[in-house]
Protein chains: 2
Amino acid sequence: MAPAELDDVLRGASSRRFAAGETVFEQGQLATEFFVLLNGRLKVTQVTPEGQQIVVRMVNSGDLFGIAKALRRPDYPGTATAVVESLVLEWPMANWDSFMRDHPAMAVNAIQTMGGRLQEAHTRMRELATEEVERRIAHAVLRLGQQSGKKEAGCIRIDFPISKQDIAEMTGTTLHTVSRVLTAWETAGLIEGGRQKLLIKEPHKLLLIGDGRMPGLL
Amino acid sequence: MAPAELDDVLRGASSRRFAAGETVFEQGQLATEFFVLLNGRLKVTQVTPEGQQIVVRMVNSGDLFGIAKALRRPDYPGTATAVVESLVLEWPMANWDSFMRDHPAMAVNAIQTMGGRLQEAHTRMRELATEEVERRIAHAVLRLGQQSGKKEAGCIRIDFPISKQDIAEMTGTTLHTVSRVLTAWETAGLIEGGRQKLLIKEPHKLLLIGDGRMPGLL
DNA sequence: CGGATTGTTGAGGATACTCAAGTTAGGTGG
DNA sequence: CCACCTAACTTGAGTATCCTCAACAATCCG
């Protein structure tokens, strides 16, 4: 995008800071803004009518989020919560249509963002539909590592806090089952430091478990 | 879209007919075309490395499909099979970028198509993660009715053949369980004619089951 | 230091899968 | 038009996975 064009786009934006635990927007709220995450980490969750929660996705630096307009919805379909201190850029949703019209590069970008999400959603659907719990957890942990992990000498560090409850809500299982699985993995030396900043010590073995090419430790 | 613009778009297209059971494209194949379904009904499936199949979605008249480019993929991620005789319009994938660039209306359309699919994918994810089998089947059947059913005096007719295997692959369960559930529903008078053209006789009761506000018949 | 949140671990049981054997429906060819 | 054949479905029994319930332990945070 040309610098002049970029200027034009940024002129409409304002930035905001969120502390860990604060929410950027809540499920059901009227969608008055859309956002880009500049820095930090968010999780997007949904609550079912019965009160069960699921984690829809994690938002990483650079990601577009809260684009209810693209889904033709007046409200946000989920809640976005900062898991670490985060900085976001926000635009009035009223700008969305004109942005799409006047900046084809942004439209293409939006399409590709949605394409990526659609693929991930399909992957998770397939996992939920066909895989047993331990494999789903392996895939979820590996995905976290890929999307927001840092390599450290063959290991992968997930450097933001992720609770077992969160992992359960990503994989359609319970806190209890996640605890049992991760304990078994830690005992076998595949991972470490479950509580705050998970370290994947043997990504390769986790991958084997995820693909069902290794027995599983339960 | 202006008639002249539409003409321009249609010039690049060719149409093709598929008999029931024929495939429009197969998973893994190089994506050389994208499509619009003019008439008929398709299902899009994926096969897991272990050989399990899942139904990703049904394609209805007017739907855009096979848009691998929007997902930044060189190949089709799934297989599209005609479930009834179908007519499709196809364009060389090479036209995709120029279409998006030159016809903002098409870009907006593509975004909204993807938005709709993303929402459906999230809904199914949530169902798979939190609901028990009978409720998932209820939701899947109701979704089929909404997307491609015809109202007949308070009932809803799904007028294309749908096997129990297909429903199982939509809901992450087995043929056997689907059979037991549908048999129970048919006995209770909620549905009829499971084999070829399913008739939903009591959509309201199915909705109650889907939402967990009715005991379930297993 | 104390309360709250988060995680651990065990026992028991329900849901839904697997395996297995039969049945029905639908299409095909004689 | 009927007989046959195959694919789709039905139904039962046994069982595995994973959930629920429950009590306790550890960690975090002010």
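Residue numbers begin at 1 in each chain, while the letters A, B, ... track the order of the sequences.
Note that CD1 of B:Ile137 and CZ of B:Arg180 are 11.0 Å apart. Values are rounded to the nearest 0.5 Å. The NE2 atom of A:His139 sits 15.0 Å away from the CE atom of A:Met170 when rounded to the nearest 0.5 Å. For the atom pair CE (A:Met58) and CD1 (A:Ile158), the distance works out to 9.5 Å, reported to the nearest 0.5 Å.
Protein atom CG of A:Leu175 is 6 Å distant from nucleotide atom C1' of C:dG7, rounded to whole Å. Here the P atom of nucleotide C:dT9 and the CG atom of A:Leu218 are 12 Å apart, to the nearest Å. The distance between atom NZ of B:Lys164 and atom C1' of D:dA7, rounded to the nearest whole Å, is 14 Å. For A:Glu186 and C:dG7, the CD to P distance is 13 Å, given to the nearest whole Å. Distance B:Glu169 CD to C:dC17 P: 13 Å, rounded to the nearest Å. What separates CD of A:Glu134 from P of D:dC19 is a distance of 13 Å, to the nearest Å. Atom-to-atom, CG of A:Asp166 to C1' of C:dG7 comes out at 13 Å; the value is rounded to the nearest Å. Protein atom CG of A:Leu217 is 13 Å distant from nucleotide atom P of D:dC18, rounded to whole Å.
Considering all non-hydrogen atoms of both residues, B:Asn60 and B:Arg41 come closest at OD1-NH1, 2.9 Å.
Counting non-hydrogen atoms under 4.0 angstrom, B:Gly216 reaches nothing in the nucleic acid.
A close approach under 4.0 Å does not occur between any side-chain nitrogen or oxygen of A:Thr173 and OP1 or OP2 of D:dC18.
In summary, the aromatic rings of B:Phe35 and B:Phe25 are positioned with their centroids under 6.0 Å apart.
Checked for salt-bridge contact, B:Arg73 and B:Asp75 meet the test: a charged N lies under 4.0 Å from a carboxylate O.
Map A:Glu132 and B:Thr183 each onto its nearest nucleotide of DNA chain D; the residue landing nearer the 5' end is B:Thr183.
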With the criterion being N/O to N/O and under 3.5 Å, what pairs connect the protein with nucleotides 18-23 of chain C, and how long is each?
residue	atom	partner	partner atom	Å
C:dT18	O4	B:Arg180	NH2	3.3

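Listed nucleotides D:dT10, C:dA16, C:dT8 differ in distance to B:Val133; the shortest reach to its side chain belongs to C:dA16.
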**Asked** Between B:Gln52 and B:Glu169, is a side chain to side chain donor-acceptor pair (under 3.5 Å) present by the stated rule, with each step listed?
**Response** CA-CA 9 Å; B:Gln52 286 191 77; B:Glu169 289 170 3; over 6 Å; no

